[in-house]
Amino acid sequence: KQEVTQIPAALSVPEGENLVLNCSFTDSAIYNLQWFRQDPGKGLTSLLLIQSSQREQTSGRLNASLDKSSGRSTLYIAASQPGDSATYLCAVRPDTGANSKLTFGKGITLSVRP
Amino acid sequence: GEEVAQTPKHLVRGEGQKAKLYCAPIKGHSYVFWYQQVLKNEFKFLISFQNENVFDETGMPKERFSAKCLPNSPCSLEIQATKLEDSAVYFCASSQSSGLTQYFGPGTRLTVL
């Protein structure tokens with residue numbers, strides 16, 4: 001059974017800092033990995049999706065990397081801003097079909113202090 | 001539409017009552033997924049559809065939960081005889097075929113009293 005772990009559960013940093021959010025998964029047979037952002041009381045916003053054959057994806061100040069063999073992904077946020085404060089979740093899709101279910105980590109709640 | 005739409009936003013039911021939630025996927029998306037978020041950040045997969053066909057229902061508590069995606073209608077998730085532990089936010093997501101991004105709706109918050 002796939003398990004996805006995100007540590008720490010919460011993180012507080014000053015504005016402007018570059019930071020890395022970690023995600024690990026136990027079964028490396030994944031089809032892809034997706035990073036989401038969830039604001040309080042809101043739904044999920046997809047940030048980046050990395051296919052299993054890819055090493056990284058970039059969008060603006062965000063960069064996600066994937067090391068499938070070691071079961072790890074990182075989300076790098078450059079020059080953090082208070083507006084980045086949210087919960088960041090990673091989720092993996094197993095390599096059993098292109099549209100099978102996502103298994104989520106419990107998320108990292110990020111607070112960026114002005 | 002360009003976004004996944006879910007209705008209602010909030011739903012309150014007494015224990016034992018029925019609850020029905022609706023989801024309209026993004027136009028052109030063939031796949032629909034339902035997830036349950038019970039505790040903060042604990043997402044549990046319930047069921048997925050490919051068009052109107054069930055694709056994966058391994059997460060569904062079948063004795064009380066049912067779901068449908070019929071042509072030209074919003075998808076629905078129905079809970080018969082709700083229990084206190086069904087209180088959660090239920091998210092719907094949709095995607096195009098072949099492993100592309102799942103887009104999530106804003107969720108329906110179900111409170112069972």
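Chain naming here is simple, since letters A, B, ... match the order of the sequence lines and numbering starts at 1 in each.
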Single-linkage hydrophobic cluster, 4.5 Å side-chain cutoff, B:Tyr90 and B:Tyr31 together = no
In this structure, CD of A:Gln34 is separated from OG of B:Ser95 (nearest 0.5 Å) by 9.0 Å
Shared hydrophobic cluster for B:Val32 and A:Leu49 (ILVMFWY, side-chain gaps under 4.5 Å) = no
same_hphob_cluster(B:Leu70, B:Ile26) at 4.5 Å side-chain heavy-atom cutoff | no
Verify the neighbour count for atom CZ of B:Arg109: are there more than 12 heavy atoms of other residues, nucleotides or ligands below 6.0 Å?
-> no
Using the side-chain contact (heavy atoms from CB on, under 4.5 Å) rule, take B:Phe45 and A:Leu102 through it: C-alpha gap first, then chi angles, then the decisive distance, then the call.
-> CA-CA 7 Å; B:Phe45 168 80; A:Leu102 291 173; over 6 Å; no
Gap separating the CD atom of B:Glu42 from the NZ atom of A:Lys106, nearest 0.5 angstrom = 4.5 Å
Check whether A:Ile50 and A:Ile77 end up in the same hydrophobic cluster, where Ile, Leu, Val, Met, Phe, Trp and Tyr are linked by side-chain heavy atoms less than 4.5 Å apart.
-> yes
Show your working on side-chain contact (heavy atoms from CB on, under 4.5 Å) between B:Thr58 and A:Lys101 and close with a plain yes or no.
-> CA-CA 9 Å; B:Thr58 53; A:Lys101 60 190 177 187; 3.1 Å; yes
Any side-chain heavy atom of B:Phe43 sitting closer than 4.5 Å to one from A:Leu44?
-> yes
Between A:Phe36 and B:Phe104, is the gap from one ring center to the other below 6.0 Å?
-> yes
Could you tell me whether A:Arg72 atom CZ has more than 12 heavy atoms of other residues or ligands within 6.0 Å of it?
-> no
How long is the gap from CG on A:Leu89 to CD on B:Gln37, to the nearest 0.5 Å?
-> 7.5 Å
State, to 0.1 Å, how close A:Lys42 and B:Phe91 come at their nearest heavy-atom pair, and which atoms those are.
-> O-CZ, 3.8 Å
